Amino acid sequence: MVLLLIMLLLSEGYEPDIIYTSRLKRAVKSTWSILNTLNTPYLPVYKSWRLNERHYGALTGLKKMDAAKELGMEVVQAWRNSLKARPPPMKPDDEHYPGKDRRYEDLGEGQIPLTESLMDCMERARPLWEYAIKKEIEKGNNVLVVAHTNTLRGLIKHIDGVDEKDIGEVSMPAGIPFVYKFDSNMKPLPPEEGKISQAHTSGVFLEKPGLLKEALKRNHEWNQVVPGSFGQIISSGSLTRSTTLEKSLLKLKEEKASRSGSFAAEVDPNDDGKLIVTNSRTTNGAPAVDIDDGMGDADFEEFYNKATDAESTITVNVQKAGEASPGILKMGQSKDPVVVFIRHGRTPHNNLGLFTGWEDPPLAPDGVEDAKKAGRLLKMHGFEFDVVYTSWLQRAIETAWYCMDELDCCWLPMIKSWRLNERMYGALTGRSKQMIANEYGEAQLKKWRRGFKIRPPPVSSYSFQYPGNDYKRTKYVKDIPISWAETINRSIEARKMQVHRRFPKAESLWDCVSDEFQN
C-alpha cells in the first residue's frame with residue numbers, strides 16, 4: 001500500500017518538504033515507511049497530539065463487537081457515526097487514560113480529552129492547520145500530513161468550509177493521497193478537469209484506475225457494520241442493550257481483565273533470564289566473551305594495540321542483570337539526565353569494507369539487528385529519552401527508528417542534522433581500503449585514516465560524491481558559509497543566479513569534529 005501511495009505521488013510530481021503526523025505509533029511508522037520508500041528519511045517530521053485519532057472515552061480498549069452485543073448496535077453506531085454524540089467519558093484512573101502516558105506530559109490537564117465526538121476531534125486539529133501547516137504552505141513548502149480518518153476530515157472541513165450536515169459525506173479511504181492546491185490567498189483551487197474529487201471538497205484523489213472506487217466501497221461498508229463482526233451487517237434486532245450503560249461498560253472491562261489475566265506467564269523471580277554487557281571483570285567467575293566487532297571498514301574503525309599496531313577484539317563480560325555492574329544503569333532506577341551515544345548498524349558498504357562517509361546506503365539485515373539489539377539493551381536497563389538527535393544519513397536515521405520502536409517511544413521528537421554526518425572521505429568515498437592500499441600504499445592509507453589533520457584527496461565539484469550536488473538535501477542547509485567561487489561558476493553555467501554553499505569536498509578527523517569550516 002505504501003509503495004503504491006509513493007508511486008501515485010511521484011507520478012504527479014509531488015515531493016514533500018515537511019511532514020506532520022500524530023503521536024500514535026501507526027501513523028508514525030507509516031511516516032517512516034513513506035520516507036524510506038521516497039529515499040528522503042532526512043526530511044523534518046513533526047508529531048502532534050492534535051492529529052491523534054478521535055478519543056473514544058470509556059470504550060477505549062474494548063472489543064467493538066463485544067460493545068455492540070452488550071450495549072446495542074444502535075448505540076455503538078451512533079457514537080461512531082454521529083457528528084456530536086460522545087461515548088461515556090474515561091475515568092482518570094482508567095489504565096488507558098492518556099494523562100498517564102509520558103508522550104502527553106507537555107499537555108495541560110484541560111487539554112487531555114476524556115471522550116470526544118467527531119466534531120470535538122475535528123476541532124482539535126484546527127489550531128495545527130492555522131498556526132503550523134498553513135504557514136508552511138505559505139512559505140512555498142509541500143506538506144505531507146499522515147494522520148487518521150477523523151482528524152484528516154477535520155482538516156478538510158476547515159480548508160473547504162464544509163458544513164456540519166455535509167461532513168459525513170466526506171471520506172478518507174486508506175492509502176489514497178488526497179491533494180490540495182492553493183492560490184496566493186491560501187484559498188483552495190478547484191479540481192482540474194478530468195481529476196477525481198468528492199462532494200463538498202476541492203481536493204483531488206490520486207488513484208490507480210478502479211482503486212478509489214473499491215476503497216470508497218470498503219469505507220462505506222465499514223460504516224454500516226460493527227468492526228469485528230467479520231463484515232456481517234448486523235440487524236438492530238439481534239443486538240439489544242440489556243443493562244444500564246455504566247454496568248455494561250464495567251462488565252466488559254471486567255471480562256477483558258479476566259481474559260488477560262488467564263494468559264499471564266509464570267516467571268521465576270530468582271532467574272530473570274536477562275543478560276547485560278559490561279566492560280569490567282566479574283567477581284563471580286563469569287566467563288569472558290570475545291565479541292567480534294564485525295565491521296571492518298572505515299566507518300567502523302578497528303581497535304589498535306599501540307605497541308604492535310595489531311587489530312584486536314573487544315573483550316566483554318556477560319552476567320545476570322541482577323548482579324552489580326559498575327557504570328551500568330539497573331532496571332527501574334531513576335537517574336540524573338544522561339546522553340547516550342549509539343553508532344549506527346552495519347550497512348552493505350561496511351560489510352564490503354568500503355569508505356562510506358557521506359554516501360547514503362541503508363542498513364544491511366545484520367545492521368537492522370544491531371539497531372534492534374541496541375534498543376532492547378536500553379529498554380532492559382530502564383532508559384527513557386526525551387529527544388533523539390541523528391544525522392541526515394539513512395543508516396543513522398534507520399538505527400534511531402529501530403531503537404525507538406524497541407523502546408516503544410516512536411512519538412519522541414527527532415532532530416536530524418547534517419552536522420552529525422560521518423566524516424567526508426573525499427575521493428576515497430565508495431572505494432575499498434584494499435584498493436586504496438594497492439594504489440597509494442599502506443602507509444598513505446593509514447595517514448588518511450588515522451592522521452588527525454590529514455585530509456584525503458578532495459572530490460571534484462562535479463563528482464557524484466560531492467554533497468553540494470545532492471540538491472534534495474542542499475536546499476535545507478542554511479548554516480554553511482557561501483562559496484563565492486562555486487556560486488559564480490554555477491551561475492555562469494546555469495545562466496542564472498545559483499547561490500552555493502561551501503560543502504566539504506574532503507575532511508580530516510579534525511574537520512569532522514571542529515566548528516570551523518574549510519577555506
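Please read all numbers here as calculations on a predicted model, not as lab measurements.
Looking only at atom types and distance, the side chain of Asp479 has a donor-acceptor partner in the side chain of Trp418 under 3.5 Å away. Counted by atom type alone, His55 and Thr115 present zero donor-acceptor pairs between their side chains at under 3.5 Å. No hydrogens or angles considered: a donor-acceptor pair under 3.5 Å links the side chains of Asp17 and Tyr476. Counted by atom type alone, Thr151 and Glu53 present zero donor-acceptor pairs between their side chains at under 3.5 Å. For Tyr42 and Asp470, the side-chain atoms include no donor-acceptor pair closer than 3.5 Å. Looking only at atom types and distance, the side chain of Asp160 has a donor-acceptor partner in the side chain of Tyr180 under 3.5 Å away. Checking Ser33 against Asn36 by side-chain atom types alone, no donor-acceptor pair falls below 3.5 Å.
The closest donor-acceptor contact from the side chain of Asn150 to the backbone of Leu118 lies at 3.5 Å or more, if one exists at all. Side chain of Trp411 to main chain of Lys47: no donor-acceptor pair is present (N/O by atom type, distance under 3.5 Å, no hydrogens or angles). Remark: side-chain polar atoms of Ser171 are not paired, donor with acceptor, to backbone N or O of Pro173 under 3.5 angstrom. Of the possible donor and acceptor atoms, one in the side chain of Gln111 sits under 3.5 Å from a partner among the backbone N and O of Gly108. With Arg423 contributing its side chain and Gly357 its backbone, the two residues share no donor-acceptor pair below 3.5 Å. Between the Asn142 side chain and the Tyr14 main chain, no donor and acceptor come within less than 3.5 Å of each other. Counting only distance, with no hydrogens or angles, the side chain of Thr399 and the backbone of Gly345 share a donor-acceptor pair below 3.5 Å. A donor-acceptor distance shorter than 3.5 angstrom exists from the side chain of Ser508 to the backbone of Asp511, with no hydrogens or angles considered. Arg54 places no side-chain N or O within donor-acceptor distance of the main-chain N or O of His148, the cut-off being under 3.5 Å.
Atoms OG and CZ, on Ser22 and Arg50 in that order, are 14.0 Å from each other to the nearest 0.5 Å. Going from atom CG of Leu38 over to atom CG of Leu35 covers 7.0 Å, rounded to the nearest 0.5 Å. The NE2 atom of His96 lies 15.0 Å from the OH atom of Tyr56; values are rounded to the nearest 0.5 Å.
Contact of the Ile482 side chain with the Arg502 side chain is not registered, since no non-hydrogen atoms from C-beta on lie closer than 4.5 Å. You'll find the side chain of Arg501 stays beyond 4.5 Å of the side chain of Thr474, heavy atoms only. Looking at Trp129 and Ile159, their side chains come closer than 4.5 Å, going by heavy atoms from C-beta outward. A heavy-atom distance below 4.5 Å is found between the side chains of Phe178 and Thr201. No side-chain heavy atom of Pro188 sits less than 4.5 Å from a side-chain heavy atom of Lys181. The shortest side-chain heavy-atom distance between Asn351 and Asp366 falls under the 4.5 Å cut-off. In this structure, Met414 and Trp401 have side chains that are in contact, with non-hydrogen atoms separated by less than 4.5 Å. Within the 4.5 Å cutoff, side-chain heavy atoms of Asn52 are placed close to those of Arg124.
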Determine, step by step, whether Ser202 and Lys187 satisfy the side chain to side chain donor-acceptor pair (under 3.5 Å) criterion, reporting the C-alpha distance in whole Å, the side-chain angles of both residues, the deciding distance to 0.1 Å, and the verdict. CA-CA 10 Å; Ser202 305; Lys187 299 295 183 184; over 6 Å; no
In sequence, state the C-alpha distance, the side-chain angles, and the governing distance for His500 and Tyr466, and then conclude on ring pair (Phe, Tyr, Trp, His ring centres under 6.0 Å). CA-CA 12 Å; His500 194 80; Tyr466 174 51; 5.8 Å; yes
Query - Stepwise salt bridge (charged side-chain N to carboxylate O under 4.0 Å, His left out) check, Arg473 with Asp360 - result: CA-CA 12 Å; Arg473 287 175 169 87; Asp360 202 17; 2.5 Å; yes
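No more than 12 heavy-atom neighbours from other residues, nucleotides or ligands sit within 6.0 angstrom of OH on Tyr389. Within a 6.0 Å sphere centred on NZ of Lys100, other residues, nucleotides and ligands contribute more than 12 heavy atoms.
Taking every heavy atom of both residues into account, Phe355 and His349 meet most closely at O-CD2, 4.5 Å.
Salt bridge status for Arg86 with Glu116: absent, with no side-chain N to carboxylate O gap under 4.0 Å. Salt bridge annotation for Glu406-Lys379: absent, with no cationic side-chain nitrogen under 4.0 angstrom from a carboxylate oxygen. Ionic pairing of Lys505 and Glu486 is present here: one or more N-O contacts between side-chain nitrogen and carboxylate oxygen are shorter than 4.0 angstrom. Between Asp408 and Arg103 there is no salt bridge, since none of the side-chain N atoms of the basic residue sits less than 4.0 Å from a carboxylate O of the acidic one.
For the side-chain contact (heavy atoms from CB on, under 4.5 Å) with Thr390, the lone residue among Lys416, Arg395, Glu398 that qualifies is Lys416.
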